[in-house]
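Below: one structure, written as structure tokens.
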Amino acid sequence: MAIRDVLIIGAGPAGLAMACSLVRQGLSVTVVEKLEESVLAAPPVDGRDIALTFRSRDIMQSLGVWSRLPQAEVATIRGAKVEQEGSPHFLNLMPRAEPDRATENLGFLVPNYCIRQAAYEAAKALEGPDLQLITGKGVVSIDAPASLSTVRLEDGSTLDARLVVAADSRFSASRRHMGIPAHMHDFGREVIVCRMQHEHAGDGVAYECFRWGRTLAVLPMNNNQVSVVMTVKTPDSATIMRMSPEELGREIEAQFDSRLGRMTLVGERHRYPLVAVYARQFHAARFALVGDAAVGMHPVTAHGYNFGLYGVQSLTHEIEKARRSGGDIGGESVLRAYQRIHRRETWAIFTGTNALVKLFTDDRPPARVVRKRLLQVADRVQPLKGWITRHLTDDGSPRKLPRLLPRLR
Ligand SMILES: Cc1cc2nc3c(=O)[nH]c(=O)nc-3n(C[C@H](O)[C@H](O)[C@H](O)COP(=O)(O)OP(=O)(O)OC[C@H]3O[C@@H](n4cnc5c(N)ncnc54)[C@H](O)[C@@H]3O)c2cc1C
């Protein structure tokens with residue numbers, strides 16, 4: 001087979017977005033995915049509802065993904081409230097608190113399976129000489145001796161490309177295969193996600209409720225439904241998974257102080273281990289990481305796929321720059337530039353999110369005091385509140401990062 005410009009490992013939402021982005025720039029791309037194509041075409045519901053920023057919406061629009069989402073499944077987030085059990089103070093994030101912004105909401109919520117399906121359909125529409133999809137075969141090894149990378153598949157066949165991009169999840173086997181270490185933080189907790197139908201009309205606000213021992217996020221979806229995200233210690237998650245639908249409905253209703261009335265479980269509940277991952281390098285020889293393989297976020301600040309899309313945008317930009325100037329699209333200068341930009345966009349938020357999670361899951365008395373005070377301060381100090389809001393929405397207004405966090409070594 002002819003040498004491809006780029007070979008992408010993994011047809012998840014990041015890998016497919018990367019493929020669409022590069023093919024739209026005129027590059028030849030092969031995507032290799034270990035799942036069967038029938039799964040990509042009709043991904044199962046996985047319980048995740050993904051909060052997306054304005055910038056992500058714009059990227060998805062430019063890739064032909066956004067228009068393929070079932071619009072009835074796209075919910076808008078009108079505001080966000082962060083609460084702490086036992087405290088009258090809360091952090092209230094509303095778009096109108098930002099006088100320089102023209103938007104009326106904070107972002108969007110879309111089921112993950114819809115994003116995966118829309119990304120598959122967008123890629124499928126580009127399939128042809130420039131985009132080839134190989135499914136039902138995993139990548140087992142990568143070899144990058146000099147001017148080319150050679151990838152070996154499970155069936156023994158090999159493919160050559162100028163650059164290999166791995167988008168094969170936060171537990172990326174190809175990252176390990178290329179000898180790239182990663183910071184990994186296991187929170188010793190699990191997140192359980194499910195949909196609930198509620199009795200009373202909602203206000204379109206996303207609630208993050210930090211309770212002693214557990215965290216509850218209630219995210220507004222359409223048609224009087226909310227996406228419920230519970231973070232619990234791993235031993236407690238089995239108990240929640242075993243509850244009858246009625247018991248679970250009553251439990252969530254009680255934890256949410258009956259604000260939306262009776263809660264009724266819709267569909268299945270799903271559980272995920274909470275492990276945050278940050279690759280120490282985003283590249284090796286003729287090899288780059290995107291999506292969760294580069295940065296696997298804790299979901300509490302809802303940045304994971306947003307960062308995936310930002311990485312797709314930055315890497316495409318650097319590859320395109322090299323191509324236009326007749327340079328090597330898989331060369332070190334391209335990959336270094338991508339790493340510099342993507343680190344700048346993600347490292348502070350990754351570290352800050354982990355610190356926040358650590359504090360808000362620490363129930364010892366000193367931490368309890370800090371937890372309460374922090375929300376109070378964040379709500380009252382307008383520049384800080386504006387900075388948090390701008391990060392959540394990423395609508396193009398300036399976002400200068402504070403120099404408070406440790407640098408990546
Ligand atoms: C509960 C929860 C809530 C979340 N909420 C948000 C949110 O609100 N906002 C947000 O932005 N993000 C959120 N995220 C994060 C988001 O879901 C992920 O960032 C995103 O799905 C990662 O996409 P990906 O393509 O990088 O990886 P994945 O979706 O993991 O896809 C990886 C693909 O690679 C394939 N693969 C693996 N190994 C191989 C191999 N050897 N060969 C070939 N193929 C291979 C896999 O089969 C898979 O298809 C949330 C995550 C969770 C768990």
Side-chain angles (χ1 to χ4, degrees), residues 3-19 21-22 25 27-32 59 139-152 159-184 276-297 303-325 327-351 407-409:
I3 297 163
R4 307 294 281 175
D5 288 324
V6 180
L7 185 140
I8 298 170
I9 306 173
L16 289 171
M18 188 79 230
S21 182
L22 293 174
Q25 298 297 330
L27 284 105
S28 63
V29 175
T30 295
V31 183
V32 181
I59 296 172
V139 167
V140 290
S141 72
I142 307 150
D143 197 15
S147 58
L148 280 181
S149 227
T150 302
V151 161
R152 186 174 295 277
L159 299 163
D160 293 326
R162 292 186 173 82
L163 173 67
V164 170
V165 175
D168 54 348
S169 87
R170 67 185 62 201
F171 302 111
S172 168
S174 43
R175 184 181 64 216
R176 207 169 312 119
H177 182 85
M178 296 303 282
I180 299 178
H183 300 266
M184 280 204 181
V277 178
Y278 202 97
R280 279 181 187 257
Q281 299 282 332
F282 292 159
H283 68 93
R286 300 205 166 272
F287 178 85
L289 297 167
V290 296
D292 277 16
V295 183
M297 293 288 295
H303 276 92
Y305 187 50
N306 291 297
F307 280 170
L309 288 168
Y310 302 170
V312 164
Q313 191 177 47
S314 309
L315 183 54
T316 304
H317 180 73
E318 294 308 317
I319 289 174
E320 182 54 14
K321 242 172 40 187
R323 197 177 67 119
R324 281 201 186 167
S325 62
D328 178 358
I329 61 160
E332 197 172 343
S333 59
V334 170
L335 304 179
R336 269 184 191 279
Y338 160 63
Q339 170 165 288
R340 199 171 48 247
I341 297 164
H342 201 43
R343 266 193 187 167
R344 198 174 57 217
E345 293 205 293
T346 57
W347 173 243
I349 298 288
F350 178 81
T351 322
R407 286 178 183 280
L408 181 68
R409 277 189 298 278

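Computed from a predicted structure; not experimentally measured. We number each residue from 1, following the sequence as shown.
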**Asked** Can you find a heavy atom in the side chain of Phe307 that is under 4.5 Å from one in the side chain of Met297?
**Response** yes

**Request:** List the steps, then state whether side chain to side chain contact (heavy atoms under 4.5 Å, CB included) holds for Leu335 with Leu163.
**Result:** CA-CA 10 Å; Leu335 304 179; Leu163 173 67; 3.8 Å; yes

**Item:** Heavy-atom donor-acceptor pair, Asp160 side chain to Leu148 backbone, under 3.5 Å
**Value:** no

**Asked** Are His317 and Gln313 close enough, and set up right, to give a side chain to side chain contact (heavy atoms under 4.5 Å, CB included), and what steps lead you there?
**Response** CA-CA 6 Å; His317 180 73; Gln313 191 177 47; 5.9 Å; no

**Item:** Smallest separation among heavy atoms of Phe287 and Ser174, with atom names
**Value:** CZ-O, 3.8 Å

**Asked** Under a 4.5 Å cut-off applied to non-hydrogen side-chain atoms, are Asp5 and Arg323 in contact?
**Response** no

**Item:** Donor-acceptor contact below 3.5 Å, side chain Gln339 vs main chain Phe282
**Value:** yes

**Asked** Would Arg175 and Asp292 pass as an ion pair if we require N to O under 4.0 Å?
**Response** no

**Request:** Using atom types as modelled and distance alone, determine if a side-chain donor or acceptor of Ser172 lies under 3.5 Å from a backbone N or O of Asp168.
**Result:** no

**Asked** If you measure from CZ on Arg152 to CG on Leu159, what distance do you get to the nearest 0.5 Å?
**Response** 10.5 Å

**Prompt:** Closest approach of Ser28 and Ile3, non-hydrogen atoms and distance?
**Reply:** OG-O, 4.5 Å

**Prompt:** When you look at Ile142 and Met178, which way does the side chain to side chain contact (heavy atoms under 4.5 Å, CB included) test go after all the steps?
**Reply:** CA-CA 7 Å; Ile142 307 150; Met178 296 303 282; 3.9 Å; yes

**Prompt:** If every non-hydrogen atom of Ala11 is compared with every non-hydrogen atom of Leu16, which pair is closest and at what distance?
**Reply:** O-CD1, 3.3 Å

**Asked** Got a donor-acceptor contact below 3.5 angstrom from the Arg286 side chain to the Arg162 backbone?
**Response** yes

**Prompt:** Below 4.5 Å, heavy atoms only, C-beta onward: do Tyr310 and Thr346 meet side chain to side chain?
**Reply:** no

**Asked** Hey, does the side chain of Tyr305 reach the backbone of Pro13 with a donor-acceptor pair shorter than 3.5 angstrom?
**Response** yes

**Request:** State, with a plain yes or no, whether a side-chain heavy atom of Leu22 is found less than 4.5 Å away from one of Ile319.
**Result:** yes

**Complete:** Here the gap from Ile180 atom CD1 to Leu289 atom CG, rounded to the nearest 0.5 Å, amounts to 4.5 Å

**Minimum heavy-atom distance between Gly311 and Tyr338, given as atom pair plus value** = O-CE1, 3.5 Å

**Prompt:** Which of parallel (below 30°), tilted (30 to 60°) and perpendicular (above 60°) describes Tyr278 and Phe350?
**Reply:** tilted

**Asked** Which pair of heavy atoms, one from Ala294 and one from His342, lies closest together, and at what distance?
**Response** CB-CD2, 4.5 Å

**Prompt:** Just by modelled atom types, is the Ala17 backbone N or O under 3.5 Å from a matching donor or acceptor in the Ser21 side chain?
**Reply:** no

**Asked** Met18 versus Thr316: any side-chain heavy-atom pair under 4.5 Å?
**Response** yes

**Fill in**
Closest heavy-atom pair, Val334 versus Ala322, reported as atoms and distance to 0.1 Å, is CG2-CB, 3.4 Å

